[in-house]
**Q** 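Below are the C-alpha cells for one structure; questions will follow.
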Amino acid sequence: MRPEVALPILIPLLAGSLSLVVWRSVVLQRWIAVFGTGALLYASVWLLMTTHREGHVVMEMGNWPAPFGIVFVADLLGAIMVVLTGIMGFAVALYSLATTGKDHEKFGYFPLMHLLLAGVAGAFLTGDIFNMFVWFEVMLIASFALLILGGERAQMEGAIKYVTLNLISSMIFLTAIGLLYGLVGSLNMADIAYKLQTVEEPGLVTVIGMLFMISFGVKAGAFPLFFWLPASYHTPPVAVSALFAGLLTKVGVYALFRVFTLIFNQDVEFTHNILLWGAALTMLTGVLGAAAQFEFRRILSFHIISQIGYMIMGVALYTPLAIVGGVFYIMHHIIVKTNLFLVAGVAYRLLGSYELKDLGGLYRKRPFLGFLFLIPALSLAGLPPLSGFFAKFVIIRAGLEAEEWVVTGIALLVGLLTLYSMIKIWAEAFWKAVPEHNQNAHRLDSQDSQLWLMYTPIIGLALCTLFIGLYGQPIYELAAASAEQLIDPSQYIEAVLGVQP
Amino acid sequence: MTEFLSTLSGLLVGFLLLLGAGFMVLAAVGILRLPDLPTRMHASTKAGALGASLTMLAVAFHLPEGAVVARALAVIVFILLTAPVAAHVIGRAGYFVGVPLWKGTVKDELKKHYDPESHSLESGFESRRSETGADQPGR
Amino acid sequence: MLDTVIVFVYILLALALILSFVRLAKGPSLPDRVVALELVASIVMGMIAVYTVDTGVDKFIDVAVVMALMAFLAAIGFARYLEKGGERDD
Amino acid sequence: MEPLLAIVVGASYAAGIYMMLRRSIVKLVIGIILFSNAANLLFFTSAGLTRGAPPLIPEGMLGPEGAVADPLPQALVLTAIVIAFGVLAFAVVLIHRAYEVVKADDLDQMKDTDT
Amino acid sequence: MIGFAWNILLGLAWVALTGNFSGPNLFMGLLLGYLSLAMIQSQLSILDGYAQRVPRVIGFGFFFIGELIKANLRVAQDIMRPEMEKAISPGVIAFPLEARSDVEITFLANAISLTPGTLSLDVSDDRRVLYIHAMYMADEAALLEDIKNMERRVLRILR
Amino acid sequence: MGHSLILQTAARFLLPLQLLFSIFLLLRGHDEPGGGFIAGLVAAGAFALYLFAFGIPATKQLLRVSPHDLFGWGLFIGTLAAVPPLFMDLPLFTALWWDVPVPMIGEIKLNTPLLFDVGVYLTVLGSVLAIVIALAEAED
Amino acid sequence: MLLAVLSGFLVAIAAPWLYQSLQDRAGWVLALLPAALTVYFATFLPQVMAGEAVLIHYDWVPGLEINLSFLVDGLSLMFALLISLIGTFIVLYASGYLKGDEYLPRFYVLILSFMAAMLGLVLSDNLITLFVFWELTSIISYMLIGHNHEDKEARKCALQGLFVTVGGGLALLAGLILMAGVAGSFSLHEILNDGDVLRDSHLYVPILILVLAGCFTKSAQVPFHFWLPNAMAAPTPVSAYLHSATMVKAGVYLLARLNPGLGGTELWMTILPIFGALTMFTGAYLAVRSTGIKRVLAYSTVMALGTLTMLVGIGTETAMIAFACFLMAHSLYKGALFMVAGAVDHEAGTKDVTKLGGLRRKMPITATFAAIAALSLAGIPPLFGFVAKELLFESVLEAGGLAFFLSVLAMASAVLVIAVAAIVAIRPFWGQLKETPKKPHEAPLPMLLGPIVLASLSLFFGVLVFIPDALLVQATVLAVYGEPVDFYLSLWHGINAPLMMSLASLVLGTLLFLNWDRVRGAMGKLDWLYDRGPEAGYFKVMEGLVWTADWQTRVLQNGYLRNYIMTIVLTTVGLVGYALFSRYDVSLVAFGEIRLHEYAVAGLLVASALFACITQSRLGAVASAGVFGFAIALIFILFSAPDLGITQILVETLTVILLILVLFRLPGFINFSSPGARLRDAGVALLLGGLMTLLILTTVEHQFHAPISEWMIDRSVPEAYGRNIVNVILVDYRALDTLGEIFVLGLAAIGVYAMIKLKAENRVKDEKEC
Ligand code: NA
Ligand code: NA
C-alpha cells in the first residue's frame, strides 16, 4: 500500500478544512497555506519518484477492489500533473502572502486555494470517471468562489459567464457518464476501457466519446467552447488568475488526454481528427484574440487558449511522439503561464494598472523584472533554448511526421503571433517610458518590503523554465515514458484490474 | 379466519385509499373552482391533509407491522402539525398583502383592525387594555 | 380487487395532480400558487402511500415522513417573502 | 418506461437551455435548475428503471429478496443532486449580487469584461 | 411539565420511528429528546398537569376526527355543486379568545384551521382576538358557538 | 415577517421534533433510507423554520456555534474519518469497526463510516445554514 | 569547445558585476574573451587547412536527437574566426562609443550573448541546435536594435527585424525537421554526406522553400530586405557587428552550409541566383539613394548578402571561391566602415553624409583607415576586395543560362558600389570642413582599434593573398562545394573580361559619385515604387493582422452569454448528432409497459418545465420549478429510489427557499427578446432536447456488460455491515465521492458568504470614508 498516491488530495483537503476550522485566525491560515502547499509539493514529488521507479501506483479506496470501489491511479502523466499542481500551489501560496488583501483572507481565500488544489489533484489521480466529475466540481466551485472574492462588477460579470458555461459543461459530463454507465455498467476507467475493447456497437461508444470531448473541451478552453475563459480570467486578483491560468484549463486537457488515450481509441480516424481541427482552430482563434488585446492579463488569458491548442494537438495526432509533445507542452506551459501572471502582478503592484497604455519604464527601473518576464514570455512564444521551444518542437515534428501540413503550419504561425503578443507587452510595459499620466510612477523607485515574497516564486518558476530548456533530457525522458504509458493503455488496465487485456 | 381478516383488511385498505384519493381530488377541484384564496385554502388544507392521512392509514392497515404503523402514524401526526401552520401563514400573508377577497364575501371584521403601514393588528379591545399598560403593538 | 382499486386510486391522484397544477399555473396571485404547491405535496404523499400498498414495500413511507415534516417549509418561505414586501406577482 | 422518460428528459433539457438563453438573469436561474435536474434524471434513466424494488436488504438477511434496482446510479445521482444544489446556491447568490452591482437584470448589459 | 411530557413523547417517537422497542433504545430516544429540548428550553415555559389530560386528549382526538370528516363531506358536496357560488357565504370574523398562553392559542388556531369551514388567519397583537375566515357565514351565531365549543375542549386538555 | 404567534409556537415544538428526526435519519441511514446528507438537510430545514419564525439573531443565539464552525468541523471530521486506516497500512477510507461497551446501553458499534456520515451531517447542516443566514441577512 | 561556445553567455552573466567594479575599464577586460576565442579557434587552423573536419559532440537532449555537436571545417572556422575577431574590436569599440550610457552593462550582456549565439550557430552540427542559436541571434538582436527603447521608432524597427527573422525562422524549423526526417538524421555532416537523398525526396521542394524562407529573411534578401536598414536604429557597435560578420550572414552561412545537400538542382540554381542578384542590385541602388552614412552602409550590406546568395546559387567552383573571398573581404571592410561611420557620428553628431565634409583634418587616422576599407569595398587592387570582385565577375560570366542577366546586374551593382565607397570614405573626410552639431576630433583608442586592424587586414590579405587562401579559403570552398577544388588565389589574372568589367565599373562609379547629388534627385522620382514595396507590404500585413484579430474577437468573444451558450449547444448537437447518425444506425424503440399514473407524472414534469419557461410570473416559475422537483421525486420513488426521493424533496424545498430569499431584491421577469429570437432559441433548445432523447433511446437499448453494482449488493451486509446499499455506497464503497460532494457544499457556502459579507464590509468601509 502506497500512501503517496492519496496524499496529494489528503493534504490539501486537510489543510483546507483545517483552515476553515481556524477561520477566525488569518495568521494561522497563512501558516497552514505555506506548510500545506509545501507538504503537497513534497508528497507529489514523492509520488512522481515512486511512479517513475515502479510504474503505476494504485490505491483502492476503502480497500474495495477495482473496479468496484474508487481507485486512485498515478501513472506518469498523473504524477507529473500532480507535481505541477504542487509547484503551482506552493508558488502561489507564497505569492499570495504578499498580495492577498485582508478582506480576501478573512473570507476564505486560503481554504479556497487548498481545496482548488485538492480538486485539481483529485482529478489528476482518480481512476474513476464519476469521481473525476466530483473533483471537477470541487475544483470548479472553489474557482467560482475565488473568482468573485472582492465582488467587483467585472468579477460578477465574468463569473456569471464562467459559472454558467462551466455548469453546462459539467452537466454534459454528467450526461456522458450516465450514458456510459448505462452501456458498460462500470465507472472505473480501466474497467470501461477493458470492457469496451469488444462491443457490438462501437459507434455508440464514439458518440458518447463526443460528449466527453465537448465537456472537456469547454473546461480546457478549446474552440469554439472557450468563451468563459477570456470573459473571466482577468478579473480576480492576480494570484488567483495565475493559479487558474496554470492549472484549471489543464485539467480539461488532462481529461482529454486520459479518456482519448485510454477509453475512446476505437475510432481514432473520426474522434482524433475532430480533435485535431479543434486544436488548430483553438490555437488560431486564441492567438488572434490575444493580438486584439491591450491589457496584460487579457493577452495572457487569450494565450491560454491558443496554447491549449498545442496540447490538444498532441493527443489528437495520437502518435507516440505527439503525445510526448503534448505532455511536454503541458509541463512547460503550466509553469510559464502562471509565471507570466505573477509578473503581471508585480507590474500591477509597481504601476497600479494592467492596461498596457498605463504601463512603462519597467525595463529601465527594474531590469531584473524584465529578465524574469522575458524567460516565460519567450518560452511561451517557443523561442529556444527555453522550455517552450522543445515543447513546440516536438509537437511540430510530430505534426510534420504525421504529414498534417495545414495544422502544423498553423501551429508554426501561431508561434510567431504569440511572439508578437509577448513582444507587445515587452515593448509597451517594459521598454516604453512610463507614461506621464501614471500616478504611481514613483513606486518604481521606492522600496517595497513585500516584493521579495512576490519575486521568490517568480524566480523559482523561471528557474524551472530554464531548467527544462537547458537540461531537457530528463524532462523529455519523463514525457516519453509517460507517452509510452498513454499510447499503450494495457499497462494502465493491468495495473488497475490486474488482468492482461 | 385469517383469510377473512385479510379480506376485511383488503376491503378496508381499498376503502381508505379510495376515500383518501377522493378527498385529494376534492381538494384539487376545490382550489380550482372556489372563488378566492381563503376559500381555496379551506379545500386544500383540510381535504389535502385528510386525504393524505387516510391513504397513510390505509398503508398502516395494509402492512400491520410495528415499524410501518408507527411511521404511517408519524406521517399523519406530522401532517396535522404542519398543515394548519402553513395554511395560517399563507392565509395571513395573502390577506395582509391584499390578495382580494371574493366579491361574495359577506363580512370582514379584520380589515378595520389592520394597519398596513405598521402591520399592527388590533383586537378592538385596546381602549380598555391601554389602562393596564399591556398594549404592545408589534411586539 | 385491491389491484383494481389501486389503479383507480392512481388515476384519481393523477387527476388531482393535474388539477392542482392548473391552479398553480393560473394563479392569479402568488398565494394561490403556493396553495397549489402545498396540495401537490400532499398528493405526492398520497401517491407514495398508494405505491406502498401497491408494491408492498414499506420503505417508501420514509419519503412521506420527510415530506410531511419538511415540505411545508416552502410555503413558509413564500409567506415570509410576501410579508417582507415581495411582489404578489399577479 | 425509459422511452417516455427519454422524451421527458429531452423536454427538460430543452426547457432548461431555452431559459438559459434568455437575457434576463432571473430566467437564467430557472434554466440552471431545470437543466441540472434534467441531467440527473437522464443519469437515473439511462441506467435502467426498476419498479418497486428499492436496493435495501431486509433485516437479518445477507442480500435482498429478488432483484433490486441498481443502487449505484442512485448513489451517483444523489451525489450529483447535492453538487448541483451547491452550485445552484452559489449561482443564485452570484446572480443576486450581479444584479446589485450592475443594477440591471439584462445580461446584455454584462459584456464589459469581454470586449 | 409539558417539557417532560414532550420529552417522553419525543422518546416514544424515537422508539416508534426506529421500530426498536428495546430499553436501551428508549433510553437513547429520551436522551436525544432531552438534548433536542435542551436546545429550545429557554423558549418554552409550560404548565404542568400532564397526567390527567391523557383521556381528554383521546376524547379530543375522536371529536376532532369526527368534525374533520363531517365537515369535509359538506365541503365536498358544495364544491361539486354546479352553482357552488350560491352555496357558500364566506367572511372573516373576530373570535374573542379565552385561551391565553402561546400554546393554547396556537393549538386552538390550528385545530380551527384543520376543521373544514374555518381557517385561522391571525391573532391580534394583544392576543385577545383570533380572526377566522369562515366558509359558511349564513348562521354566524352557530358558527361562533362551534368554535367556542372547540376552544373549551382544547382548553380542557391543555389546562 | 411580522412575527406570527402561531408560527412561532409551532416552530418551538417542531424544531426539537425535526432535530430528533434528523438524528434518527443519520443513525439509521446505513440500514434504511436516510444518511448524513438527508439528515443534515432536515436539520438545516428545522433551523430555517426557526429563522423564519423568530428572525436571525434569535436563531444565531439558539445555534450558539457559527455555521462556519459547523461545516468547518464537518469537513475536517469527514476528512479525518478517512485517515486512520493509513496508519494500519490500509488504503484511505477503509472502514474500521469497533465494538465499544457503553454502560446501561450495551455495545455500540463505532465505525469510521458513521464518523464520516457525522462529518457529512455537520457539513450539510453548516453549509446550508450559512447560506440561508447570509441570504436572510442580506435581505434586511 | 562547449565552453568556448557558451563562454559568451557565461561571461555575459558576469558582465554587470564586472562593470560595477571596473567601470570604464570593463570593456578591455571583456574584450579579452573574444580575443581569447580568436586564438582558440585559430588553433584549429592546422587541422582544417589539412582538409579535416573536426567533430565534437556533447549530449543535450539525446532523446530528441538534439545534441550539442560542433563541426569545425573551413566554413564554420572562417565564420568563427571572423565573429570572435570582429567581436573583440566591437566590445572595445562599444566601451568607447557607449561610455556613460546607463545601459552599457546590459549592452555588454547582450553583445557577448550575441557573439556566443553566433558562434553556436556557425559551429553547430546538429540542425536543431543550429536553429536554437539561430533564434537566439534573432531575439538578442531585437534587444540590441531596441537599445534606445524609449524611442517609439526604435521599438518599431526592432519589432520589424524580429518579426521577419523569426517568421522565417519558423519556416526554417519546419524545413529542418522535414530535412532531418528525409535524411534520417539531425546531424549536418551525416545529412550532407549523402545529399542525393534530399534531392531525390518528394519533399525536396517544400524543404527547399522552407529553408530558403528562413535564410532569405535572415539575410535580408529581396523582398525581405527592408528590415535590415531599419535595424540601424541600433547603436553603431551593434550595426557594425550585426551587419559585418554576423547575424545577417547567418542566412548566407546556412545556404552555403546546405549547398552540398540541397544545392546543385535546377531549382536551387535558379532561385538563388535570381533572388541574390536582385537583392544585390536593389541593395546597391538603395545605398546610393540614401544619405545617412549608416543607411548607405546598411544597403551596401544588403548588396553583399545578395551577392553571396547569388554565388552560392551559381554553385560553380569559381563561384564558391568567389563566395569564400567575398565573405571574408566583406566582413573585414564592412566592420571597419561601420565603426568609422559610428566614430564620425559620435564625434560630429550627425550621420547625414550631405552635412559632412573635410573631417580628415580633425580625424586623420579615421580618415585613413576609412579610405583603405572603402577601397576594398570598391574592389580596387591591391585590396582583398579586388580579389573577391574579380572572382565575382568571373562567376557570373560562367553562370550558364543566367549569365547575361547576372552579369548585367553585377556590373550595375559594382558601379553603384564604387559610388557607395566614395560616399562613405571620401565625402565626409575630404573637401570643405562643414559645420557639424558637435565639435569633431579624433575618436578615442578603443574606437580606433577596430577600423585600424580590420582595414589593415583587408590590405594585408590583398597583398599577400596566398595567406588567406591557404589559411581558410581552400577549406571553406571544400566545405561549401562538398569536394576538394584545385585553385590558387591571385591578384593578377591577366587581362580578361572580369578585369575589363572592373575597370569599366571603376570609371562609371567615379562618374556616378561626382554626380551623386543629381543622380539622387533623379532616383527620388522612383520613390512611389518604394512606397508600394515590400516594407509597405509588411505594414499592410501587420495592420491586417490587427484588424483580423479585432474582428475575430468582436465576433467570437462578443460578450453575450446567450451567444456563447448557443455556440456550445450547437457544437454539441452538431458533433454528437453527426457522430450518432454517421457511426450508428438509429432506430426507434418500443415504449414498453407504461402505467397510467406514470404518464401523468411524466406529463406533470413536462408541463411544469414548460410553464416555468412561459410564465410571466417569476414566483410562479419558482413554484412551478417546485412542482418539477416534486415530480422528479415521484419518478425516483416510482422507480425504487427512496433515498433519492427524500433527497430530491429536501433539496427542492431548500432550493425554493433560496430562490425566494434571493428573488426578493431581484426584478420581475422582463421579456427582452423579440419573438423571432425566442423562436430561434426554442429551436436551439429543441435540438438539444431531441439529441438527449435520442441518446437515451439508443443507449437504453444496449447493455454491454452487467453492472458492477451486483458485486456491491452481495457484499453490502456481510462486508460493509449496511442494509441500505445506497448509503453503503455513499459512505463506504464510494466515500470519496461523498467527501468531494460535501466539500462542494462547504465551498458553496464560503462563496456565498464571501459574496454577501464582503460587500457588506465594503459598504461599512465606504460609509466610514464618507
Ligand atoms: Na493556462
Ligand atoms: Na443501457
Side-chain angles (χ1 to χ4, degrees), chain B residues 19 22-23 26-27 29-30 33-36 38-39 41-43 45-47 49-50 53 65-71 73-74 77 80-81 83-85 87-88 91-92 94-96 101-102 104-111 113-114 120-126 129 134-139, chain E residues 12-13 15-21 64-65 68-69 71-73 75-82 84-86 88-97 106-107 109-138 140:
Chain B
L19 197 63
F23 274 118
L26 184 70
V29 174
R33 289 202 68 204
L34 285 164
D36 68 356
T39 50
M41 289 177 62
H42 283 287
T45 308
K46 280 129 249 195
L50 186 61
S53 302
E65 307 154 26
V68 181
V69 174
R71 271 176 245 176
L73 291 180
V77 171
L80 295 183
L81 274 175
V85 178
H88 150 72
R92 167 186 140 114
Y95 187 91
F96 288 162
L101 294 183
W102 179 43
T105 305
V106 295
K107 191 175 183 183
D108 188 351
E109 290 188 350
L110 200 163
K111 197 171 182 183
H113 294 298
Y114 177 63
S120 60
L121 181 58
E122 297 175 338
S123 61
F125 301 123
E126 276 81 2
R129 297 268 307 201
D135 183 28
Q136 292 167 312
R139 323 178 277 139
Chain E
L12 289 174
V15 170
L17 285 169
T18 49
N20 175 357
F21 293 92
F64 182 78
I65 292 168
L68 204 62
I69 293 177
N72 255 313
L73 290 174
V75 177
Q77 205 179 9
D78 291 335
I79 290 174
M80 295 304 179
R81 203 178 280 189
M84 171 201 76
E85 302 198 346
K86 285 183 192 149
I88 59 170
S89 49
V92 181
I93 55 167
F95 174 73
L97 283 170
T106 305
F107 201 116
N110 287 354
I112 287 171
S113 289
L114 276 177
T115 37
T118 51
L119 184 74
S120 307
L121 284 181
D122 205 2
V123 187
S124 70
D125 292 340
D126 59 9
R127 304 150 156 251
R128 301 197 58 179
V129 167
L130 179 64
Y131 291 98
I132 297 169
H133 186 277
M135 194 87 140
Y136 306 101
M137 297 280 290
E140 201 180 324

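All values below were derived from every heavy atom in this structure, side-chain atoms included, with hydrogens, water molecules and symmetry-related copies excluded. Chain naming here is simple, since letters A, B, ... match the order of the sequence lines and numbering starts at 1 in each. Remember, predicted model here, so these are calculated numbers, not experimental data.
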**Q** Given a strict heavy-atom distance threshold of 4.5 Å, which part of B:Y114 is in contact with chain E: side chain, backbone, both, or neither?
**A** neither
**Q** Is there side-chain contact between B:H42 and E:H133, with heavy atoms separated by less than 4.5 Å?
**A** yes
**Q** Between B:A49 and E:L114, which heavy-atom pair has the shortest distance, and what is it?
**A** CB-CD2, 4.4 Å
**Q** For B:A47, is it the side chain, the backbone, both or neither that has a heavy atom under 4.5 Å from a heavy atom of chain E?
**A** both
**Q** Taking B:K107 for the side chain and E:P90 for the main chain, is one N or O donor matched with an acceptor at less than 3.5 Å?
**A** no
**Q** Under a 3.5 Å distance rule, please check whether B:K46 uses its side chain to pair with a backbone N or O of E:N72 as donor and acceptor.
**A** no
**Q** With chain B as the partner, which of E:L121, E:L119, E:V92, E:I88 has the greatest number of non-hydrogen pairs under 4.5 Å?
**A** E:V92
**Q** Tell me whether B:E109 contacts the main-chain N or O of E:A94 through its side chain, where contact means a donor paired with an acceptor under 3.5 Å.
**A** yes
**Q** Against chain E, work out which of B:S53, B:P38, B:G91 has the most heavy-atom pairs shorter than 4.5 Å and name it.
**A** B:P38
**Q** Do E:M80 and B:L26 make a side-chain contact, defined as non-hydrogen atoms from C-beta onward lying under 4.5 Å apart?
**A** yes
**Q** Do you know which two heavy atoms are closest between E:Y131 and B:E122, and how far apart they sit?
**A** OH-O, 2.5 Å
**Q** Answer with side chain, backbone, both or neither: which region of E:T106 has an atom nearer than 4.5 Å to a non-hydrogen atom of chain B?
**A** neither
**Q** Any donor-acceptor pair under 3.5 Å linking the side chain of B:R92 with the backbone of E:S120?
**A** no
**Q** Which one, B:L110, B:D108, B:T105, leads in non-hydrogen pairs under 4.5 Å with chain E?
**A** B:L110
**Q** State, to 0.1 Å, how close E:D122 and B:H88 come at their nearest heavy-atom pair, and which atoms those are.
**A** OD1-CE1, 3.7 Å
**Q** Can you see which heavy atom on B:R33 is nearest to which on E:I79, and at what distance?
**A** NH1-O, 2.6 Å
**Q** Quick one: what part of B:L19 sits under 4.5 Å from any heavy atom of chain E, side chain, backbone, both or neither?
**A** neither
**Q** Measure distances from E:A134 to the heavy atoms of chain B and classify the residue's part below 4.5 Å as side chain, backbone, both or neither.
**A** backbone
**Q** Please identify, among B:L81, B:L50, B:T45, B:V77, the residue contributing the most non-hydrogen atom pairs under 4.5 Å to chain E.
**A** B:L50
